[in-house]
There are 2 protein chains.
Amino acid sequence: MQNSFTEENYLKIIHALSGREGVEVSTNALAESTSTRAASVTDMLRKLADKGLIHYKKYQGVTLTESGEKVAIKVIRKHRLWEVFLVEKLGFGWDEVHDIAEELEHIPSEVLVEKLDTYLGHPKFDPHGDPIPDAKGNLTEPDYLILTDVHVGEKVLMMGVLDHAPSFLQHLDRSGITLGAVIEVKEINEYDKSASVQINGGPTLFISLEVSKNLLVQRR
Amino acid sequence: MQNSFTEENYLKIIHALSGREGVEVSTNALAESTSTRAASVTDMLRKLADKGLIHYKKYQGVTLTESGEKVAIKVIRKHRLWEVFLVEKLGFGWDEVHDIAEELEHIPSEVLVEKLDTYLGHPKFDPHGDPIPDAKGNLTEPDYLILTDVHVGEKVLMMGVLDHAPSFLQHLDRSGITLGAVIEVKEINEYDKSASVQINGGPTLFISLEVSKNLLVQRR
DNA sequence: ATATATTTTTAGGTTAGTCTAAATTTTTTA
DNA sequence: TAAAAAATTTAGACTAACCTAAAAATATAT
C-alpha cells in the first residue's frame, strides 16, 4: 500500500510540528503549514488515521503512530539527501534547493535512496546543518544551542539554521556566515538584543535578534 | 500555465507513437500505452486540444502541435538525462532505470535540468543509445539500421535498442551485447531468420529474429 | 458559571483523472 | 453497397484532494 504525495507531506509536517516530544499537532496548525483549509485537513486526518499512520481523536489533535513516523522519516531522509546532491554535486546554493528537494523527496525507490546515499558518501548533515536519518530510520537531533543563548566573549561554531527561507540564507551569505564558521560574540545590546559578532576572527558585524534566533551553534 | 504529470505523459507518448513523420496517433493506441481505457483517453485529448497542445478532430487521431512537441521534448530530455545520471553516477544497470526516470522526468525545474546536463558533461545519448535533445529542444534521431537489415559478412557497431524491457536488456547483458560492441553477422538462418553473430571478435552466439529486430546498429 | 470566541468537524460541492455501458462514427467485409 | 465489426465518443459515475458554509465542541473571559 503506497502513500500519496499529499499523505507523505502531511506526515512530514506532523513530524516537524510535533517536535522531539511528539506533542499533539492541531488541525489549524496543519491547515497553515499545508496551505489548505481546516476542513480539508480534517478529511485527510481521518484518512491517515484509517491507514494507521496517525493517532487521531476528534478535537484532540494528532500525533504520528510508529508506522507514520517511519514514513515521515523516510521522506525527511530523501529530502535531505537530495539537498546534499543539489548543493554538492550540481552546485546549487543552499538558498535554492528547498523547493526542488520538496519534489524529489517523493520519488519512490528504496534502492535509489540508498545508491544516492552511497554516492554522496553517507553524509550526516544536509546543507542547512539538519541531520540526515540513516537507512534504518534513526534520526538523532544534535543538541545545538541557539545563538541567543551564547554569552558575550564566547566563541561558537555555526552548525545550522532554523529558518530555511531563501531570503534569510542569502542574508547569511552576504554576511559571510556559513556552516562551520567561528562566531565570537563581542557584545550584546541590552535594548534590542542585537549583537555584534566576529566571524572567523575576521570582520565584525551586527546581527539582529531575528537573525540570532535562527542560528544553531555549538560550543567548541 | 503548468502541465500536469498526466498531461506530460500523454504528450510524451503521442510523440513516441507518432514517430518522425508526425503521423496521427489513435485513441486506442494511447489507451494501450497509458494503461487506461479509450473513454479516458478521449477526455484527456479534449483537454490537451483545449490547451493547444495537440491537433485533434474527433475520430481522426491526434498529432502534437508545435507547443505540444516542445513540452514532449523537454520531458524526453529530462528522462534521458536522469537515466544517464542513474547509470553513470549511481551505478544502476541499464535495465533498472526506466521506471525511476519515469518519475524524475516530471520534476519541474529548468535550472535543475541544465545543471544536471552540465554535471553529466552534456551527454548526447542515454544508456540505451537514445539521443538526448539539447537545451533548445533540438532532437536529431540518428539513422541507425536494425540488425535485420545487415547482411552476412558485415561488421556493425551496436548503437541502441528499440525494446527497453528489463528482460530484453538482461538478455543482452548475458549475451555480452553492450552499446559499442562490434557485431559481425556470420550466418542468417533462412527458415526463421535467426542469426549467428560474433561479438567483439570473440564468442559467436545465436540470436533470434525477435532480438535482431530490437538492435540498432551502424556500419563502420 | 455562563456567555462569547475560537477551533474543529460535518455537510454538501468542485475538479482531475479515471471507469463502465451505451451510442455513434468509421472501417471492413461479404 | 449494405451489413457487420471495430474504433471512438458520450453519458453518467467514482475517488482523491480540495473548497465554503453551517453546526458542534472546546476554550476563554467576564
TODO: Please state how far atom CE in A:M44 lies from atom P in D:dC19, giving the value in whole angstrom units.
DONE: 11 Å
- [ ] Send over the distance from A:L48 CG to D:dA16 C1', rounded to a whole Å.
- [x] 12 Å
Open item on the list: What is the distance, to the nearest angstrom, from the CD atom on A:E32 to the P atom on C:dT6?
Closed with: 16 Å
Task: Heavy-atom neighbours of B:E110 CD exceed 12 at 6.0 Å - done: no
TODO: Rounded to the nearest angstrom, tell me the gap between atom CZ in A:R37 and atom C1' in C:dG12.
DONE: 17 Å
- [ ] Examine the side chains of B:D192 and B:S194 and answer whether a donor and an acceptor come within less than 3.5 Å of each other.
- [x] yes
Task: Nearest-Å distance for atom pair CG/P, residues B:N9 and C:dA16 - done: 18 Å
Task: Backbone N/O of B:K213 and side chain of B:T148: donor-acceptor pair under 3.5 Å - done: no
Task: Check: A:H106/A:N9 side-chain N/O donor and acceptor closer than 3.5 Å - done: yes
Task: Whole-Å distance separating the CG atom of A:N3 from the P atom of D:dT15 - done: 19 Å
TODO: Please work out which of the three classes, parallel, tilted or perpendicular, describes the rings of B:W82 and A:W82, given edges at 30° and 60°.
DONE: perpendicular
- [ ] Would you check if there is a donor-acceptor pair between the side chains of A:D173 and A:W94 at a distance under 3.5 Å?
- [x] yes
TODO: For each nucleotide in nucleotides 3-11 of chain D, reading 5' to 3', give B when a protein heavy atom comes within less than 4.0 Å of its base, S when such contact involves only the sugar-phosphate, and - otherwise.
DONE: ----SBBB-
